[in-house]
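First up is the structure itself, then whatever we jot down about it.
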Amino acid sequence: VTTPRMTPLAFVPVDADEVQRRATAFHSVMMRRRTVRDYSERDVPRQIIEAAIATAATAPSGANLQPWHFVAIGREQSGLRTRIRTEAEQEEREFYTHRAPREWLEALAPLGTDWRKPFLEIAPWLIAVFVKPFGRQVDGRAVKHYYAVESVGIATGFLIAALHHAGLATLTHTPSPMGFLNALLDRPSHERPFLLLVVGYPAENALVPDIARKPLQDVLSFK
Ligand code: IYR
């Protein structure tokens, strides 16, 4: 077993009042995040996407194995965009008309979603997030990734928060099933598509469902 190599923590101390201020300020930023399905064609520079994915990649992960891969697809890849939309809409049409149980469709009804996914071609960026259940050592041996799905969930949370904080809108889209993404995006078959994040600016006059978060007392208890 190797001895861990330790290094001083570069902790930035913040005084208690400032901690309080930042905690509430961040909450007021995040409480304004909404899932957006109506996008404008306004461009988003690639460096912004890179910075947000760099933030996602700072997430903690099981044994620091960083079991994620991100594929960012700009709008200039219009052929690819069309193929993604076609495949996603095919699955979604199946989902909404046959596969989804009535109970599921009832749960979705307040969102007003259907099989049509025009945002897959309109929004300036799509970010496909993949889970890598194992990695490879230099000698080619497989290395198991612990808590891979949980780790990618945390990284995706960072990504959504980073993009919102930067002033962009996102949509967590999960065409089901989304195995077609491996083939279209040249990812190995053992990687699992986790989420397709749609990124851009909202269309002018974009509408969102009139739904609310649970009050804090419903989701938090202290002991
Ligand atoms: N994947 C479908 C259906 C869908 C499912 C859930 I759970 C949602 O929160 C929203 C949509 C779609 O993208 O329309």
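Both ligands and their constituent atoms are indexed starting at 1 by order of listing.
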key: Atom indices of ligand 1 within 4.0 angstrom of Thr174 heavy atoms, with elements   = 1 (N)
request  = Would you please indicate if the ring centroids of Trp104 and Phe95 are separated by under 6.0 Å?
outcome  = yes
request  = Using non-hydrogen atoms of the residue, decide whether Trp115 is closer than 4.0 angstrom to ligand 1.
outcome  = no
message = Before you tell me yes or no, could you show the steps for Val14 and Arg22 under side chain to side chain contact (heavy atoms under 4.5 Å, CB included), namely the whole-Å CA-CA distance, both residues' side-chain angles and the distance that decides it to 0.1 Å?
response = CA-CA 10 Å; Val14 173; Arg22 289 192 196 182; 3.7 Å; yes
Heavy atom of the protein closest to atom 2 (C) of ligand 1 (residue, atom name, distance) = Glu92 OE1, 2.6 Å
key: Geometric N/O contact His173 with ligand 1, under 3.5 angstrom   = yes
query = So which of Tyr96, Trp104, Phe95 gets nearest to atom 14 (O) of ligand 1, if we judge by its closest heavy atom?
reply = Tyr96
query = Do any nitrogen or oxygen atoms of Lys117 lie less than 3.5 angstrom from nitrogen or oxygen atoms of ligand 1?
reply = yes
key: Protein heavy-atom partner closest to atom 10 (C) of ligand 1 - residue, atom, separation in Å   = Leu108 CD2, 3.5 Å
task = Nearest 0.5 Å please: distance from the OG1 atom of Thr97 over to the CG atom of Leu105.
result = 9.5 Å
task = Report yes or no: is the cationic atom of Arg42 (NZ for Lys, CZ for Arg) under 6.0 Å from the centre of the six-membered ring of Tyr201, at an angle within 45° of the ring normal?
result = yes
key: Straight-line distance of Lys132 NZ to Ser151 OG, nearest 0.5 Å   = 13.5 Å
message = When you compare the side chain of Leu185 with that of Leu80, does any pair of heavy atoms fall below 4.5 Å?
response = yes
